[in-house]
Amino acid sequence: MGEDGKAPGRREVMRLGLAATGAVALGTQPAAADPRNLPPNVPPWSKGLGVGVGSAPYGRPSPHEDHVVRRTVSWLTATPHSSVSFTPLQALHGTVTPNGLVFERHHAGYPLIVPEDHRLMIHGLVERPLILTMAELARFPSVSRLHFIECTSNTGMEWRGAQMNAVQFTHGMLSCCEWTGVRLATLLAECGVRPQAKWLLLEGADAAGMTRSLPIGKALDDTIIAWAMNGERLRPENGYPVRAVVPGWEANLWVKWLRRIELGDQPWHSREETSKYTDLMPDGKARQFTFVMEAKSVITDPCPENPLSEHGFRMIGGIAWSGNGKIARVDVSVDGGRNWRPAELEQPILDRCLTRFRMPWRWTGEEAVLMSRAVDETGYVQPSIAELRRVRGLNSVYHNNAIQAWHVSPAGKVDNVQLG
Amino acid sequence: MSSLARAAAIVVALATVTPSASAERLGIGRVPSPAEIAGWDIDARPDGHGLPRGQGTVAQGLKLYDSLCASCHGDFGEAVGRNPELAGGIGSLTGPDPRRTIGSYWPYAATLFDYLRRAMPFGDAQSLEIDELYALTAYTLFLNDLLPTDGRLDQDSIHRLKMPNADGFVSPDPRPEFPPKAPCMTNCTSEIRIHSRARTSDGAGGQAR
């Protein structure tokens, strides 16, 4: 997706600081409160009994938060069975994505697998092939790691120009979870890897039989075969009962509903690593096996969904991440990238995990362009969209980690723009 | 481990993976039977690994394609709606609207066989016989002028067939493209120019096709 965005239709020049600062019609106002519940009155929930324990054996968010949901883009795909839903980054806090809001990407719908009837098989260039029940898999020594997961196509609709006026759609193919499972290296030790083995094929049990080739170095380094996310078993749409977790690398490799791992001496060149998830360059050649998700950040407040409703103090906040390690710093600009200030980073800063940043701001109604720029521990600086386009052109679809710009109007409206 | 050290470790591991047979086994699970492995081992590689014996013709593929595939992919592989386009697009990869079809983009015919076997027809995967899969592969290649009307395909001819874009892919990954630098903090640009503005807040009214 994303390859279809049209070239921007117009160019505009904005001169910051010239905008009127007089009385303005401000943006969205919160729903009006019922004065009968406000002091000096006492609301009914302070008088009568509440809901008893056990009434919701599996708890749900407050009904007043029912707008915080995954959303889809209707025109993006031919069918909901091969499609994507987006995480509502604009409404999340901290760094962990609630399980019900983790983005989805399926190629043939998500299967409803009976765990007793599922097996994980490992074969190929091993001393001893292995087949495991899910109960047997869970007997292996486990690890738990916090890592972001990002679709290779995240922000892919923005290559040719600003398109989606919502952070949920520009950046929402991104989530972050605590993953629990067994290191793939532990499973491979159980099988005994033959010296000729250089690549692994990971295959899903869905009706797409999704397959990707994984270099054995990554498999032995930090890849996890996971059965849990955020403390509970995987959700069906996120791979139940077992999936791959490939830290810092594109989410397409994190094969869900994992049923089979084959070891071989070369990559398989499956459909998903040739006709898709390859990056077309201006010379007509395509980069293949571009695994790492490079450093990136985005301001989630303000953003198009979170406009400015009143003058005064506002904490600019957002998230940063890198597939190459820890976030070292994030700089924030409110004047379209002319000047930058270092943001404060929320602790702990974890390897290949979302990191929160924030910077205090006092808005007095002036026009502004908000941007964030991440730097990771390798010294890599998040590029501008212009820098990316100079190298990769307009048609590479994947791996768009450009700096995001949000334009703030004097009325407090926030819009997705690209600077050129 | 720092990420640079990790990257180095991955490279080393790629070069010198040693058998871990000496590691202590936990003794969990069992060895699958050859029949169990064969039932699930459906992958086929461009070098011929995994390609089952079988054959099919363009003519046989035409009948299958018309009844199973054309409703989504079109009579000539031109695609219906947003379903994938299968044919055409040769020469478009350097243009403003590249079309990544089997003929213009896919580097290997064996990948097509592998994908058809595991994922197609959409919603009825793994339902076709091996010979039917060769026939469908042959017909899809015919739609791209890569096989003649009387063409046929089997486990040997499939990887002798060189696809037009076979040399169109490069690896390893050349990134990072931008070397580490001290980011600019003050007076970094003289003029702020808005290049484009988003046109849609959600998918409902979007103009992009």
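For clarity, every value in this text was computed on a predicted model and none was experimentally measured. Below, chain A is the first sequence line, B the second, and so on; all start at residue 1.
Annotation for A:Pro129 and B:Ile37: closest pair CB-CD1, 4.1 Å, computed over non-hydrogen atoms. Nearest heavy-atom pair, A:Gly284 versus B:Leu93, reported as atom, atom and distance to 0.1 Å: O-CD1, 3.9 Å. Listed here is the closest heavy atom pair of A:Ala208 and B:Ala119: O-CB, 3.6 Å. Of all heavy-atom pairs between B:Pro98 and A:Arg160, the closest is CD-NH2, 4.1 Å.
No part of B:Asp124 comes within reach of chain A, as not one of its non-hydrogen atoms sits under 4.5 angstrom from that chain. Proximity to chain B (any heavy atom under 4.5 Å) is shown, for A:Leu388, by both the backbone and the side chain. Only the backbone of A:Phe291 comes within contact range of chain B, judged by heavy atoms closer than 4.5 Å. At a 4.5 Å heavy-atom cutoff, the contact between A:Val292 and chain B is made by backbone and side-chain atoms alike. If you measure heavy-atom distances from B:Ser190 to chain A, the contacts under 4.5 Å come from the backbone alone. Residue B:Tyr108 touches chain A through its side chain alone, counting heavy-atom pairs closer than 4.5 Å. In this structure, no portion of B:Leu112 lies under 4.5 Å from any heavy atom of chain A. For B:Trp40, the parts sitting under 4.5 Å from any heavy atom of chain A are the backbone and the side chain alike. Residue contact with chain B, scored on non-hydrogen atoms closer than 4.5 Å, involves the side chain of A:Thr79 exclusively. For chain B, the nearby part of A:Leu201 is the side chain; its heavy atoms alone come within less than 4.5 Å.
The shortest distance between side-chain heavy atoms of A:Leu132 and B:Ile28 falls below 4.5 Å. At a threshold of 4.5 Å between non-hydrogen side-chain atoms, the residues A:Gln163 and B:Ser196 do not count as touching. Looking only at side-chain heavy atoms (C-beta outward), A:Glu203 and B:Ile42 come within less than 4.5 Å of each other. For the pair B:Val31/A:Ile131, no side-chain contact is recorded, criterion being any heavy-atom separation below 4.5 Å from C-beta on. Side-chain contact between A:Arg271 and B:Arg118 is absent, with no heavy-atom pair separated by less than 4.5 Å. A:Met281 has its side chain out of reach of B:Val170: every pair of non-hydrogen atoms, C-beta onward, lies at least 4.5 Å apart. Using a 4.5 Å heavy-atom cutoff, the side chains of B:Ile194 and A:Leu419 are in contact.
Atom CZ of B:Arg30 is surrounded by more than 12 heavy atoms from other residues, nucleotides or ligands within 6.0 Å.
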Yes or no on side chain to side chain contact (heavy atoms under 4.5 Å, CB included) for B:Arg100 and A:Asn395, after CA distance, side-chain angles and deciding distance?
CA-CA 11 Å; B:Arg100 299 166 180 81; A:Asn395 295 315; 4.1 Å; yes

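For the atom pair A:Leu76 CG and B:Arg82 CZ, the distance stands at 6.0 Å (nearest 0.5 Å).
Counting heavy-atom pairs closer than 4.5 Å to chain B, the top-ranked of the candidates A:Gln168, A:Arg373, A:His107 is A:Arg373. Options B:Asp167, B:Thr189, B:Asp47 differ in how many heavy-atom pairs under 4.5 Å they form with chain A, and the most are formed by B:Thr189. When the candidates B:Leu26, B:Val80, B:Ile102, B:Asn83 are compared by the number of heavy-atom contacts under 4.5 Å with chain A, B:Leu26 comes out ahead. When A:Arg119, A:His81, A:Met210 are compared by the number of non-hydrogen pairs under 4.5 Å with chain B, A:Arg119 comes out ahead. Put simply, of A:Pro141, A:Gly248, A:Ala108, A:Gly337, the one with the most heavy-atom pairs under 4.5 Å next to chain B is A:Gly337. Between chain B and the residues A:Asp279, A:Leu120, A:Thr211, the most heavy-atom pairs under 4.5 angstrom are made by A:Thr211. Note: B:Asn187 leads B:Asn165, B:Asn187, B:Asp114 in heavy-atom pairs under 4.5 Å with chain A. Chosen from A:Glu294, A:Gln288, A:Arg260, the residue pairing most often with chain B at heavy-atom distances under 4.5 Å is A:Arg260. Between chain B and the residues A:Thr278, A:Asp283, A:Asp376, A:Asp415, the largest count of heavy-atom pairs under 4.5 Å involves A:Thr278. Most heavy-atom pairs under 4.5 Å with chain A, from the set B:Arg117, B:His49, B:Met120: that is B:His49.
Of all residues in residues 262-269 of chain A, those placing a non-hydrogen atom less than 4.5 angstrom from a non-hydrogen atom of chain B are A:Glu262, A:Gly264, A:Asp265, A:Gln266, A:Pro267, A:Trp268, A:His269. Taking 4.5 Å as the heavy-atom cut-off, the residues of residues 173-183 of chain B that approach chain A are B:Asp173, B:Pro174, B:Arg175, B:Pro176, B:Glu177, B:Phe178, B:Pro180, B:Lys181, B:Pro183, ordered by number.
In this structure, a donor-acceptor pair under 3.5 Å is absent between the side chains of B:Tyr115 and A:Ser275.
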